[in-house]
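Everything on this sheet refers to the single structure shown next.
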There are 2 protein chains.
Amino acid sequence: MDKLDALSSFAALGQETRLDVLRLLIKAGEQGMSAGEIGDHLGIKQNTMSANLAVLARTNLVTNKREGRSIRYYANFAGIRELIGFLMEDCCGGTPEICNPLLEQLKCP
Amino acid sequence: MDKLDALSSFAALGQETRLDVLRLLIKAGEQGMSAGEIGDHLGIKQNTMSANLAVLARTNLVTNKREGRSIRYYANFAGIRELIGFLMEDCCGGTPEICNPLLEQLKCP
DNA sequence: TCCATATATCATGAATTATTGATATATGGA
DNA sequence: TCCATATATCAATAATTCATGATATATGGA
């Protein structure tokens, strides 16, 4: 995870459809969703969806895998962690007493 | 933190100068940095810096405070936490067994 | 009040990004 | 091989974003 990776990840998430897609994939968990299912769910035209999935797929936030005629997309939890870690990197170096409680509060109940 | 807040935060971080600024402010911690110091440190022209700081200041990721002739900027750790939380929200609902270890790994050593 | 410093705003042009209709490619099945 | 389905690519336009020179505003001090 270098700065360029982080930049393209953040830029990818700065667009509504793509943010929706990642959240959908996070919710879908390890079973993922096909490109078509994602597009249907969000009501996005086929070629627009394809272009936006391509942007996400160039980041480390999602992975995909062809399955017959479909392509299945998955949230890449390790990649998401790396992105958050990149953002917090300098925090640990400087003020871990602020950062660790911050992560503690994020935990699922 | 609604979706529009998250979108503008991610979009703000999808640009090199602004990502650099936030990381710098995270490193600077609670003492923050003035607009001029930030610009000097990153080698960015005054008006460009001002415009980019304005974009960041419209998000919940930084705060600022006038101090005499300068304006001092600070990382808003609570806002950063909310942004990460927004992204992970559906994860807790769906697959906390993936998400909690993810947050654990992020902790500062 | 006048000046210097710190930051913001305006107007413009360049660059990038987003959407879309049309079409192409890839896969599986008959 | 032919057809249907799933996704990708192309070309064009519209919309947005970016950086910048010039200028304006705000603050503090003499």
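Heavy atoms only: backbone and side chains are in, while hydrogens, waters and symmetry mates are out. Residue numbers start from 1 in every chain, and the chains themselves are labelled A, B, ... in the order their sequence lines are given, proteins ahead of strands.
The cluster map of Ile, Leu, Val, Met, Phe, Trp and Tyr, joined by side-chain heavy atoms under 4.5 Å apart, puts A/M1 and A/M88 in the same cluster. Residues A/L4 and B/L13 are members of one and the same hydrophobic cluster, defined by side-chain heavy-atom contacts under 4.5 angstrom among Ile, Leu, Val, Met, Phe, Trp and Tyr. Transitive grouping of hydrophobic side chains (ILVMFWY, heavy atoms separated by less than 4.5 Å) brings A/L42 and A/L25 into a common cluster.
Atoms CD and CG, from B/Q15 and A/L7 in turn, are 8.0 Å apart once rounded to the nearest 0.5 Å. To the nearest 0.5 angstrom, A/D5 atom CG is 8.5 Å from A/F86 atom CZ. Atom CD of B/Q105 is separated from atom CD of A/E82 by 10.0 Å, given to the nearest 0.5 angstrom.
Both key distances under 3.5 Å define a Watson-Crick or G-U pair, and stretches of 3 or more such consecutive pairs in DNA chain C run C:1-30 with D:1-30.
Within a 6.0 Å radius of CD in A/E67, more than 12 heavy atoms belonging to other residues, nucleotides or ligands are found.
A heavy atom lying under 4.0 Å from DNA chain C marks the following residues of residues 45-70 of chain B, by number: B/Q46, B/N47, B/S50, B/R69, B/S70.
Nearest-nucleotide positions on DNA chain C for B/Y73 and A/Q15 put B/Y73 closer to the 5' end.
Looking at heavy-atom distances under 4.0 Å, A/R72 makes no contact with the nucleic acid at all.
At a threshold of 4.5 Å between non-hydrogen side-chain atoms, the residues B/V62 and B/L53 do not count as touching. The closest side-chain heavy-atom distance from B/Y73 to B/T63 is not below 4.5 Å. The side-chain heavy atoms of A/D20 and A/I38, taken from C-beta on, include no pair separated by under 4.5 Å.
Reading DNA chain D from its 5' end, the first and the last nucleotide to sit under 4.0 Å from a heavy atom of chain B are D/dC18 to D/dG28.
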